[in-house]
Amino acid sequence: MSVSDLAFVNTSVPLLSHFTDAQRRELVEGSLVRSCRAGEVVLHGGDEVHFLGVLLEGTIQAFIPATGEADGPLGEIHAGGTFGELALMSGDPAVADLVAVTPCRVLLVPLTLFQTRIMANPGAAQLIAMTVSSRVQLALQDPARAVAVAGRRQGDGELLELKGERPERILVINCGSSSLKYRYFDTEQPDLTVAGQVERIGQPGMRLSQRGAKGELQQDLPGGGFAEAFQAMQAALGHPEAGVLKDRDDRTAVTVVGHRVVHGGEKFSSAMVIDDAVLAEIESLGALAPLHNPVNAAGIREARRVLPGVPHVAVFDTAFHATLPSQAYLYGLPYEYYETKGVRRYGFHGSSHGYVTLAAAQHLRRRPRDLRIISCHLGNGASVCAIDHGRSVDTSMGLTPGEGLLMGTRCGDIDPGVAAHLARTEGMTPEQFDEMLNRRSGLLGLSGVSSDMREVEQGDARALTALKVFCYRVRKYIGAYIAAMGGVDVVLFTAGIGQGSAGVRATALQGLGCMGIVLDEELNRRVVTGAVSPISAPDSPVTVLVVPTDEERMIARETLRVLARDCLVRASDACRHAPVPIEVSAHHIHLSPLDVEALFGPGHQLTKHADLSQPGQYACKEQLTIVGPKGRIERVRVLGPVRKAT
Ligand code: ADP
């Protein structure tokens, strides 16, 4: 930024007139300057917006993306004007193409500064609101064009694109009991991904396989534990021909590590940057997930040892289901088991259900928040999830991944009385029962053939029965989740069986025409591997899709989101008092007595505004502004009376 740009910002940008010189300098120093030629597109309609644009020099015109310049511009922005406000505040993509009509220079203020500095300044926030309002008015003067603007949805690839506030090279790590799976992503070079795994860790026959844009590797390893597996991974990522890092010790190549962690309990409702306290919590959640969290924690420790200089982020399988309402997550057990032992339903496969939700919405050019989706993740482990306007509202797995559908070797739902019955009649211990439920049941136990659906499909009459039980249970869950959401727009299938077996999909959907789900048998047989494929009949009220899942990409995406949030939290910590942790429901907020006092002053009592239909509950006069990583929600009504927790 030149001295003259700074002088212009100081004198000629109305938005920034509300700041002191020092504040303006801070804003400018934290921003980028971009020059554009006449005719260049400054911002594409449909793009995700990460910056507030301040036009320093030149003129920009806005056009409806679908019709382009044929219909003439929607409006013009001149030097000193701003753009991108609405997209930054709503999290929606840009609605118009912005094209430079003369050579332009633009100051790009990053999202974090927009949220923590500009929107925290009352004068600037008011000006932003007025700008947004006048642009909406302008669009409404021409209803046909307003519809065209409102109808804009994301283009291909945008929802799932890996975009950080700066270029990032992300290593995603997924540690199992005897395996280390990894993926490498570069936000600047989307084609340069690498996927690999080390198998049979701690056993004879340990080996590494890796494939990526530059080539494939297969290596037999001399053996060892996780330390040796990580060493082999680093060597493979730095392999002169097949790797991506400059050499084995090129540690600067990875800028952030995302770790898959199975159980986040109630503690982690979103991904977290890992510090010692977070790692200790992950280990303590081993009580709920003894097979998974201890190995996830061991992987994190090893990764922090070999990549010490970069942030490590934990992405939890359970976090996507943090939005489950209590009616869906509570078991009918004495309440104290929930309160004291955390015995409740948590749900798993969150990264997969989250990814396919975005992929389906993107394919349909709709926003996740406009859809009711039932996602059937049918792999070795299997679960169904009801996703109501982007939020998981029910899912078939519970305290452990053992509940719900029939799986490769797990039984899914059974009568809890079976445990006591087998203990009495067979003398079965809890450990033996656990082993039987998890390793000898499901497709394997019922068919007697295999846990692999491909072999079950080729099997005898008993195997066919196992197949029918599998599909019937999927169908029952679909029906139940239609009831839970009061309807459905999309049913989708994903993971090994969901993507691979036309027979399972057809059997699972049999008879669901009464609920608006009509399969096109031909499309179902001809699903394209690796692509989102519609398989419903053209007149089916509900769209049925096969959606390839990509949990590692979702973990990478969440990792980037956490980095942005962490940066935002650090920035807002620096400029305000202690933040109040909150959980946002659809339209209102409940507060604890302590937080009422923290927000409205000591001794403050909530003031009743209107009664609600639930006895004793009322809307209050008090309203709040909630600030989060995607922006602000203004005028959120507080509901009374006060609650135990905010
Ligand atoms: P995981 O839960 O281990 O990640 P996957 O999603 O990879 O599992 O699914 C693995 C399972 O998918 C296999 O055990 C197999 O039963 C099933 N599968 C894979 N391909 C097909 C196919 N073409 N037809 C039927 N089943 C398949």
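Order of listing sets the numbers, starting from 1, for every ligand and every atom in it.
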Could you check if a side-chain atom of Leu160 sits within less than 4.5 angstrom of a side-chain atom of Tyr355, using non-hydrogen atoms only?
yes
Are any of the side-chain heavy atoms of Arg557 and Leu162 separated by less than 4.5 Å?
yes
At a 4.0 angstrom heavy-atom cut-off, what protein residues surround ligand 1?
Gly379, Asn380, Gly381, Asp452, Met453, Arg454, Glu457, Ala495, Gly496, Ile497, Gly500, Ser501
Is the closest side-chain heavy-atom distance between His263 and Asp317 below 4.5 Å?
no
Measure the shortest side-chain to side-chain distance between Leu237 and Leu245 over non-hydrogen atoms and say whether it is less than 4.5 angstrom.
yes
Between Leu406 and Leu446, is any pair of side-chain heavy atoms under 4.5 Å apart?
yes
Both conditions, 6.0 Å and 45 degrees, for the charged tip of Arg344 above the ring of Tyr346: are they met here?
yes
